[in-house]
Amino acid sequence: MGVWRSNRCSVGPRGVMLALPLLVLLLHAASPARGQASPDSDGVVIAQADLQGLQAIRQALVDPRGFLRGWNGTGLGACSGEWAGVKCARGKVVALQLPFKALAGALSDKVGQLTALRKLSLHDNALGGQVPAAIGFLRDLRGLYLFNNRFAGAVPPALGGCAFLQTLDLSGNSLSGTIPSSLANATRLYRLDLAHNNLSGAVPASLTSLRFLESLSLNNNNLTGEMPSTIGNLRMLRGLSLSSNLISGSIPDGIGNLSRLQFLDLSDNLLGGSLPVSLFNVTSLVEIKLDGNGIGGHIPEAIDGLKNLTKLSMRRNALVGEIPAATGNLSRLSLLDVSENNLTGGIPGSLSSLANLNSFNVSYNNLSGPVPVVLSNRFNSSSFVGNLQLCGFNGSDICTSASSPATMASPPLPLSQRPTRRLNRKELIIAVGGICLLFGLLFCCVFIFWRKDKKDSAPSQKGTKGTATKDAGKPGTVAGKGSDADGDGGGKLVHFDGPLSFTADDLLCATAEILGKSTYGTVYKATMEDGSYVAVKRLREKIAKSSKEFEGEVNALGKLRHPNLLSLRAYYHGPKGEKLLVFDFMTKGNLASFLHARAPDSAPVSWSTRMNIAVGVARGLHHLHTDASMVHGNLTSSNILLDEDNNAKIADCGLPRLMSAAANNNVVAAAGALGYRAPELSKLKKANTKTDIYSLGMIMLELLTGKSPGDTTNGLDLPQWVASVVEEEWTNEVFDLELMKDAATGSETGEELVKTLKLALHCVDPSSVARPEAQQVLRQLEQIKPSIAVSATSSFTGEPSHTTATATTITDDTRSTTTE
Ligand SMILES: *[C@@H]1O[C@H](CO)[C@@H](O)[C@H](O)[C@H]1NC(C)=O
Ligand SMILES: *[C@@H]1O[C@H](CO)[C@@H](O)[C@H](O)[C@H]1NC(C)=O
Ligand SMILES: *[C@@H]1O[C@H](CO)[C@@H](O)[C@H](O)[C@H]1NC(C)=O
Ligand SMILES: *[C@@H]1O[C@H](CO)[C@@H](O)[C@H](O)[C@H]1NC(C)=O
Ligand SMILES: *[C@@H]1O[C@H](CO)[C@@H](O)[C@H](O)[C@H]1NC(C)=O
Ligand SMILES: *[C@@H]1O[C@H](CO)[C@@H](O)[C@H](O)[C@H]1NC(C)=O
Ligand SMILES: *[C@@H]1O[C@H](CO)[C@@H](O)[C@H](O)[C@H]1NC(C)=O
Ligand SMILES: *[C@@H]1O[C@H](CO)[C@@H](O)[C@H](O)[C@H]1NC(C)=O
Ligand SMILES: *[C@@H]1O[C@H](CO)[C@@H](O)[C@H](O)[C@H]1NC(C)=O
Ligand SMILES: *[C@@H]1O[C@H](CO)[C@@H](O)[C@H](O)[C@H]1NC(C)=O
Ligand SMILES: *[C@@H]1O[C@H](CO)[C@@H](O)[C@H](O)[C@H]1NC(C)=O
Ligand SMILES: *[C@@H]1O[C@H](CO)[C@@H](O)[C@H](O)[C@H]1NC(C)=O
């Protein structure tokens with residue numbers, strides 16, 4: 001990606017030429033004298049060839065829902081927004097985008113007349129006929145998206161003529177014939193997707209010369225032959241899917257040269273040979289799927305080099321040898337499926353330490369010996385069946401000393417050291433109970449905060465011990481359930497409304513890892529017994545208010561509910577005054593690392609994603625300011641968290657209310673150092689809504705420029721630098737290079753970028769009175785990108801903005817439910 005990007009966007013004749021439509025737009029929009037007009041609404045008339053092309057395209061389409069009603073008349077308005085889906089620059093059509101319009105009919109080959117076309121997107125329609133070979137005449141085409149239609153016939157070899165093509169997605173059609181080797185002439189391709197068609201023949205070796213290719217999906221076709229031995233030349237490749245074809249031979253050794261590969265799926269082919277050792281050199285791998293081939297050989301001990309591996313699925317193969325003990329080092333592993341192979345030996349005890357493992361299958365092999373207790377507790381018999389000599393899982397024989405595997409891979413369990421006679425039922429129950437007790441004492445309630453943060457450990461550790469003792473009689477309770485309160489009493493857990501239900505013990509016994517530290521305290525990711533995650537913030541001692549005041553405030557914060565505010569789900573107040581706040585866990589982490597701490601080869605963050613984040617933050621802040629009458633006071637990109645779908649959730653809302661005044665002054669000072677602090681705060685010392693808006697403006701600038709507020713350029717801070725560049729009418733220079741890719745494919749993005757930039761500069765106005773209110777920012781953002789406004793509003797119905805908190809208070813072995 002790095003190479004590709006610098007190639008596309010570097011300064012120099014080519015870079016300038018490619019960015020031209022955007023540059024024109026930016027200069028227009030940035031100069032107040034000329035207003036927001038696009039060149040074409042200034043009266044540029046569409047070129048004759050392009051008009052004829054569009055009219056021919058219209059003629060061949062069937063438009064049952066009337067989306068193309070406006071494509072009528074003389075065509076004078078074709079370029080000024082009257083023709084849906086048409087974008088022009090200087091009288092030439094640069095983009096034609098009509099996805100999800102129920103269009104049928106065919107795509108006219110007159111599309112070849114739109115010689116300036118950069119993006120052709122007609123995906124998710126019902127278009128039939130052939131993919132016109134004339135598309136190969138479009139020398140400027142960057143993106144061709146015709147997926148999920150009914151195109152038949154061959155992939156036209158002429159597409160190789162699109163020298164600048166970056167994305168070619170023809171998946172989900174009925175294309176047949178072979179993959180033309182001429183596609184390799186489109187040397188800029190970075191995504192090629194021909195999946196879910198009926199293509200036959202071999203994968204052309206020529207494709208491995210595409211040195212910028214990041215994603216190659218040819219799955220679900222009828223491809224035959226062997227994988228190209230030169231596959232290792234695709235040095236930029238991050239995703240490779242060839243699954244569900246008829247590909248034979250073995251996996252080429254060259255796969256070990258794909259040093260950026262993250263996703264590999266070769267399942268359901270006719271592959272044989274043995275597992276190439278070089279594959280285990282590809283440390284970037286995140287998912288490996290090799291199901292249903294005939295692959296033999298050993299799983300090498302070196303597998304633990306794949307530190308980022310989360311899924312390893314190799315079911316229905318012919319693997320032999322043992323499951324390497326080193327597999328237990330793959331700490332991110334969530335899925336391990338090696339069922340239906342010929343593996344021997346024991347299940348390594350080291351697998352017990354895989355905290356994230358939630359799918360496990362070793363059934364139908366030739367494994368022997370005892371199943372590690374953690375695994376037999378966590379997974380049912382369908383994960384283990386079909387191994388005649390495996391014991392110790394639910395539904396199997398009890399392990400005796402004779403059950404120890406031929407080669408002992410794990411430390412023997414206490415039971416297997418007992419005399420060889422079979423145990424009677426009573427002994428068994430005692431034995432199982434004993435194991436559970438031992439296990440409970442050893443592993444279960446190792447209070448993680450104690451482990452990570454010894455200083456504050458004493459009270460929690462006590463409570464933990466008490467629980468383990470109490471529950472000792474109950475077999476199988478690894479994390480000790482039953483008791484709602486701490487063993488020693490005195491701790492108090494209060495739940496606010498939400499999906500979570502756990503006891504104080506569950507919380508204290510959860511395994512956790514440190515996510516980060518801030519002025520307020522340390523944040524942990526805690527894994528609950530059911531495998532779910534919560535974020536736990538342990539407030540630093542001595543900075544919080546006294547207990548009574550604290551509880552009043554925290555109960556108010558627990559009622560705060562909004563889709564863009566991180567929900568406080570519970571708090572725990574320990575006997576020694578320790579305070580834990582429990583929040584929803586956000587998988588994507590915070591915005592600062594999302595923007596600035598990504599792997600150099602990770603996917604760019606698109607404009608619509610950034611805009612969605614900006615709108616989310618504005619919405620959350622608006623709710624905070626108006627509906628909750630609160631000031632945030634410490635809004636930074638580090639406390640904007642992102643959920644699975646990159647929706648923003650503001651964290652740390654109202655936390656200053658829990659803190660003493662002295663602690664809050666420190667926070668204000670720290671925010672200043674990061675560059676989010678409004679200038680007047682150096683005198684004022686107290687945050688208000690307008691200082692929050694300043695911070696919001698900085699976050700918007702961060703999204704637009706990809707720079708941290710701390711970064712200085714030529715001695716100017718971020719707002720000063722942006723303002724100076726805008727003054728010189730070089731507005732496009734300020735934007736994150738990644739955004740130029742979005743902007744190059746459609747002219748509307750350029751306009752949105754500039755409008756958002758102006759709004760952000762308005763928010764960071766040195767004079768606080770000049771700054772807009774959160775509501776105005778929100779309204780303007782929604783006007784700039786109406787699609788975001790609609791999609792995000794619908795999620796509002798999910799959660800009411802104010803809810804009655806039903807607090808379940810757990811104290812000293814009583815569980816009382818109070819409604820406030
Ligand atoms: C074209 O269609 C638009 C929208 O349906 C309509 O307002 C306009 O009058 C039509 N123009 C001509 C010349 O038919
Ligand atoms: C691809 O390039 C080769 C050699 O450069 C040339 O012979 C061939 O015609 C090209 N194919 C297409 C479809 O442009
Ligand atoms: C593959 O080819 C066979 C026979 O030629 C056909 O029945 C099958 O539908 C094809 N598979 C796909 C995915 O089109
Ligand atoms: C796929 O192509 C083969 C010929 O290559 C043909 O026999 C078969 O019917 C096609 N299958 C589908 C689903 O189109
Ligand atoms: C991997 O790349 C190296 C260096 O470019 C090359 O020498 C080697 O032959 C490649 N290995 C395979 C198996 O292709
Ligand atoms: C794996 O990588 C190491 C070092 O990069 C290299 O020496 C070794 O030959 C590679 N092994 C295979 C099987 O490619
Ligand atoms: C593993 O993933 C982390 C992010 O989760 C990334 O920073 C790191 O570079 C990855 N390692 C490799 C070898 O790709
Ligand atoms: C496992 O090994 C046995 C004996 O070597 C062989 O008969 C059997 O086919 C193998 N099973 C698989 C799934 O490879
Ligand atoms: C990996 O696992 C093996 C066997 O469990 C162990 O001996 C080794 O120390 C582990 N290595 C690391 C780096 O954790
Ligand atoms: C299963 O493993 C045992 C030794 O552990 C061996 O004697 C037996 O032949 C193996 N069975 C198959 C089908 O591979
Ligand atoms: C075992 O667990 C799986 C999911 O983990 C579930 O689908 C399956 O029904 C369970 N089987 C039995 C026999 O309980
Ligand atoms: C494990 O694999 C077997 C055989 O493929 C399958 O029948 C079983 O349902 C799987 N169990 C789980 C828990 O995935």
Side-chain angles (χ1 to χ4, degrees), residues 1-2 128-130 149-155 170-179 194-202 214 218 220-225 235-239 244-246 256-264 278-288 302-311 313 315 329-337 339 356-364 371 375-386 393-396 513 515-516 525 530-531 586-590 592-603 605 642:
M1 174 58 66
Q130 308 244 348
N149 276 290
R150 294 175 193 163
F151 288 108
V155 176
L170 305 178
S171 62
N173 282 289
S174 301
L175 300 169
S176 54
T178 59
I179 299 173
L194 303 175
H196 292 275
N197 278 291
N198 188 12
L199 299 169
S200 51
E214 285 187 11
L218 304 176
N220 298 82
N221 278 292
N222 257 340
L223 299 172
T224 51
R235 294 299 167 96
M236 289 289 159
L237 204 63
R238 299 200 303 153
S244 301
N245 279 292
L246 305 168
N257 272 350
L258 298 176
S259 59
R260 292 169 183 237
L261 194 66
Q262 297 185 338
F263 303 95
L264 174 66
S278 64
L279 181 63
F280 298 89
N281 252 7
V282 184
T283 52
S284 50
L285 277 166
V286 174
E287 292 184 16
I288 300 178
I303 191 170
D304 66 348
L306 306 184
K307 292 274 179 260
N308 278 358
L309 201 64
T310 61
K311 294 186 180 166
S313 191
R315 65 197 304 166
N329 292 351
L330 299 174
S331 59
R332 298 193 183 184
L333 206 62
S334 66
L335 180 148
L336 176 61
D337 189 343
S339 61
N356 297 321
L357 196 66
N358 52 40
S359 182
F360 180 73
N361 204 337
V362 295
S363 60
Y364 303 101
V371 172
L375 297 180
S376 63
N377 279 344
R378 203 178 319 171
F379 303 103
N380 66 30
S381 61
S382 97
S383 296
F384 305 104
V385 293
F393 60 92
N394 198 359
S396 78
E513 57 188 279
L515 288 179
K525 171 186 179 181
D530 63 1
M586 290 296 126
T587 43
K588 290 263 178 81
N590 69 42
S593 49
F594 186 69
L595 284 179
H596 312 304
R598 283 177 300 137
D601 55 346
S602 61
V605 182
L642 300 176

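Heads up: numbering here begins at 1 and tracks the sequence. First listed ligand is number 1; within each ligand, the first listed atom is number 1. Heavy-atom basis, side chains included; hydrogens, waters and symmetry copies ignored.
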Which ligand 11 atoms, with their elements, are less than 4.0 angstrom from a heavy-atom of Asn380? 1 (C), 2 (O), 3 (C), 8 (C), 10 (C), 11 (N), 12 (C), 14 (O)
Considering residues at least two apart in sequence or located in another chain, which fulfil the side chain to side chain donor-acceptor pair (under 3.5 Å) criterion with Asp337? Arg315, Ser339
How about CG on Asn394, more than 12 heavy atoms from neighbouring residues, nucleotides or ligands closer than 6.0 Å, or not? no
N/O donor-acceptor pair under 3.5 Å between Arg378 side chain and Leu357 backbone: yes
Residues Asn281 and Ser278: side-chain donor-acceptor under 3.5 angstrom: no
Just by distance, no angles: are the side chains of Asn221 and Asn197 close enough, under 3.5 Å, to form a donor-acceptor pair? no
Is there a side-chain contact between Phe360 and Phe384 in this structure, where contact means two heavy atoms from C-beta onward sitting under 4.5 Å apart? yes
Hey, what do you get for CG (Leu309) to OG1 (Thr283), rounding to the nearest 0.5 Å? 11.0 Å
Would you check the N or O atoms of Ser381, main chain and side chain alike, for any that come under 3.5 Å of an N or O of ligand 11? no
Nitrogen or oxygen atoms of Asn198 and ligand 4 under 3.5 Å apart: yes
Residues around ligand 7, heavy atom under 4.0 Å from any ligand atom, sorted by chain and number. Can you pull those? Thr283, Ser284, Asn308, Arg332
